[in-house]
Amino acid sequence: MRPLSPKLPTTSVGSFPKPENLMKARALFQKGKISPQELNKLEREATEFWIRTQEEMDYDLLVDGEMYRGDMATYFAENIKGCVISEPVRSYGNRYYKKPIIVGPIERPRSITVEWFQFAQSLTSRPIIGMLTGPYTLMDWSFNEYYPNRARAAQAWAEVIRLEAQELEAAGARFIQIDEPAISARVDELNLAI
């Protein structure tokens with residue numbers, strides 16, 4: 001049996017709570033009351049706060065905290081072709097979110113997370129983990145009005161995520177985390193997710 005590494009790297013799952021001022025700014029941005037630059041400034045400040053917090057906690061592998069994402073599925077859909085965003089949809093309890101709607105072929109015109117990865121990495125000498133929502137979760141949390149079935153929609157998302165992972169690697173990401181929380185709700189589709 002191969003011996004364990006003498007050091008077990010510490011890290012976090014990925015998302016951190018967004019500060020109140022950022023949540024308020026995001027709501028103002030949705031209403032057209034602040035500029036994208038003003039929102040971006042607050043997202044960067046919150047990202048830096050969480051990088052510093054992780055360093056103080058002496059984590060080995062850091063995450064950017066996902067301050068620039070309102071939602072882990074919608075954020076990706078907003079940055080690709082072939083999707084529109086729904087009006088708020090009830091997901092559970094009294095929680096609502098704007099769900100992606102696949103209306104055409106999913107295409108990735110540019111990187112989605114690389115610029116944020118590079119910004120976060122510029123703040124620290126410790127490795128930053130590239131953070132991606134997995135293709136199965138993106139498919140499951142979207143309304144599909146284009147692909148003939150769930151498998152084809154998942155495959156289209158997989159191509160987008162593969163390209164994003166390759167760009168993160170080219171940008172210097174030594175670690176890439178692909179989150180698939182939707183798998184836990186549909187174990188009957190585990191083979192599709194794999």
Side-chain angles (χ1 to χ4, degrees), residues 3-27 29 39-79 91-93 95-100 111-141 157-158 160-187 190 193-194:
L4 293 174
S5 168
K7 183 178 180 186
L8 180 63
T10 56
T11 190
S12 172
V13 172
S15 292
F16 286 122
K18 291 170 181 64
E20 189 67 28
N21 70 328
L22 179 55
M23 297 299 288
K24 287 179 181 177
R26 192 162 276 138
F29 176 73
L39 179 61
N40 184 269
K41 179 181 182 288
L42 293 173
E43 291 168 338
R44 286 175 173 261
E45 288 171 1
T47 299
E48 184 166 6
F49 169 82
W50 284 116
I51 295 294
R52 299 294 168 241
T53 300
Q54 291 170 90
E55 287 177 327
E56 289 170 17
M57 295 170 67
D58 203 26
Y59 284 9
D60 300 301
L61 307 173
L62 309 186
V63 296
D64 64 21
E66 301 178 355
M67 297 294 107
Y68 51 92
R69 298 185 196 189
D71 172 89
M72 68 186 297
T74 305
Y75 176 74
F76 281 84
E78 290 169 334
N79 287 283
S91 63
Y92 59 88
R95 181 174 164 121
Y96 290 80
Y97 80 104
K98 294 181 177 186
K99 195 168 179 171
S111 67
I112 301 167
T113 62
V114 173
E115 185 178 320
W116 280 104
F117 164 79
Q118 290 171 324
F119 171 69
Q121 188 62 76
S122 76
L123 300 172
T124 184
S125 60
R126 299 179 192 202
I128 297 288
I129 299 172
M131 307 294 299
L132 301 173
T133 302
Y136 180 83
T137 296
L138 288 165
M139 175 276 300
D140 192 56
W141 291 1
W157 280 114
V160 166
I161 298 306
R162 180 184 66 80
L163 292 170
E164 191 69 17
Q166 288 174 327
E167 278 199 34
L168 281 167
E169 182 181 23
R174 293 175 32 211
F175 303 92
I176 298 172
Q177 176 178 317
I178 300 176
D179 295 323
E180 287 286 16
I183 292 175
S184 64
R186 293 182 177 256
V187 289
L190 188 57
I194 291 169

Between [X] and [Y], which heavy-atom pair has the shortest distance, and what is it?
{"X": "Glu164", "Y": "Ser111", "value": "OE1-CA, 3.4 Å"}
{"X": "Ala182", "Y": "Thr137", "value": "N-OG1, 3.2 Å"}
{"X": "Ala120", "Y": "Thr47", "value": "CB-CG2, 4.4 Å"}
{"X": "Ser12", "Y": "Gln177", "value": "O-OE1, 4.2 Å"}
{"X": "Leu42", "Y": "Ala25", "value": "CD1-CB, 3.4 Å"}
{"X": "Leu168", "Y": "Gly130", "value": "CD1-CA, 4.0 Å"}

Gap separating the [atom1] atom of [X] from the [atom2] atom of [Y], nearest 0.5 angstrom:
{"X": "Glu43", "Y": "Phe29", "atom1": "CD", "atom2": "CZ", "result": "8.5 Å"}
{"X": "Glu180", "Y": "Ile194", "atom1": "CD", "atom2": "CD1", "result": "10.5 Å"}
{"X": "Ile51", "Y": "Phe119", "atom1": "CD1", "atom2": "CZ", "result": "8.5 Å"}
{"X": "Gln118", "Y": "Glu167", "atom1": "CD", "atom2": "CD", "result": "9.0 Å"}
{"X": "Gln166", "Y": "Ile176", "atom1": "CD", "atom2": "CD1", "result": "9.0 Å"}
{"X": "Leu62", "Y": "Ile128", "atom1": "CG", "atom2": "CD1", "result": "4.5 Å"}

Taking C-beta and beyond as the side chain, do [X] and [Y] meet within less than 4.5 Å on heavy atoms?
{"X": "Met72", "Y": "Pro181", "value": "yes"}
{"X": "Asp71", "Y": "Lys98", "value": "no"}
{"X": "Val160", "Y": "Ile112", "value": "yes"}
{"X": "Phe76", "Y": "Pro100", "value": "no"}
{"X": "Glu66", "Y": "Asp179", "value": "yes"}
{"X": "Tyr136", "Y": "Arg186", "value": "yes"}

For [X], give me all partners under ring pair (Phe, Tyr, Trp, His ring centres under 6.0 Å), at least two apart in sequence or on another chain.
{"X": "Tyr59", "result": "none"}
{"X": "Trp50", "result": "Phe16"}
{"X": "Phe175", "result": "none"}

Return yes when atom CD of Glu115 has more than 12 non-hydrogen atoms of other residues, nucleotides or ligands closer than 6.0 Å, and no otherwise.
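Not buried by this count: 12 neighbours or fewer within 6.0 Å.
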Enclosure of Glu169 CD (heavy-atom neighbours >12, cutoff 6.0 Å):
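Counting neighbours around CD of Glu169, 12 or fewer heavy atoms of other residues, nucleotides or ligands fall under 6.0 Å, so no.
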Return each pair, listed once, that meets salt bridge (Lys or Arg N to Asp or Glu O under 4.0 Å) where at least one residue sits in residues 15-24; pairs must be two or more places apart or across chains.
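Found none.
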Output every pair passing salt bridge (Lys or Arg N to Asp or Glu O under 4.0 Å) with a member in residues 124-134, not counting sequence neighbours, ordered by first then second residue.
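Listed by first then second residue: Asp58-Arg126.
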Please check if any side-chain donor atom of Asp60 sits under 3.5 Å from a side-chain acceptor atom of Thr10, or the reverse.
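There is such a pair between these side chains.
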Are Glu55 and Thr124 linked by a side-chain donor-acceptor pair shorter than 3.5 Å?
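Looking only at side-chain atoms, Thr124 and Glu55 do form a donor-acceptor pair, the distance falling under 3.5 Å.
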Residues Asp64, Thr113; criterion side chain to side chain contact (heavy atoms under 4.5 Å, CB included); working and verdict:
CA-CA 10 Å; Asp64 64 21; Thr113 62; over 6 Å; no
Hey, is Glu56 close enough to Arg52 for a salt bridge, meaning N to O under 4.0 Å?
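Here Glu56 does not pair with Arg52 in a salt bridge, since their nearest N and O are not under 4.0 Å apart.
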With sequence neighbours left out, what residues match Ala46 under side-chain contact (heavy atoms from CB on, under 4.5 Å)?
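Checked Ala46 against side-chain contact (heavy atoms from CB on, under 4.5 Å); matches are Pro19, Leu22, Met67.
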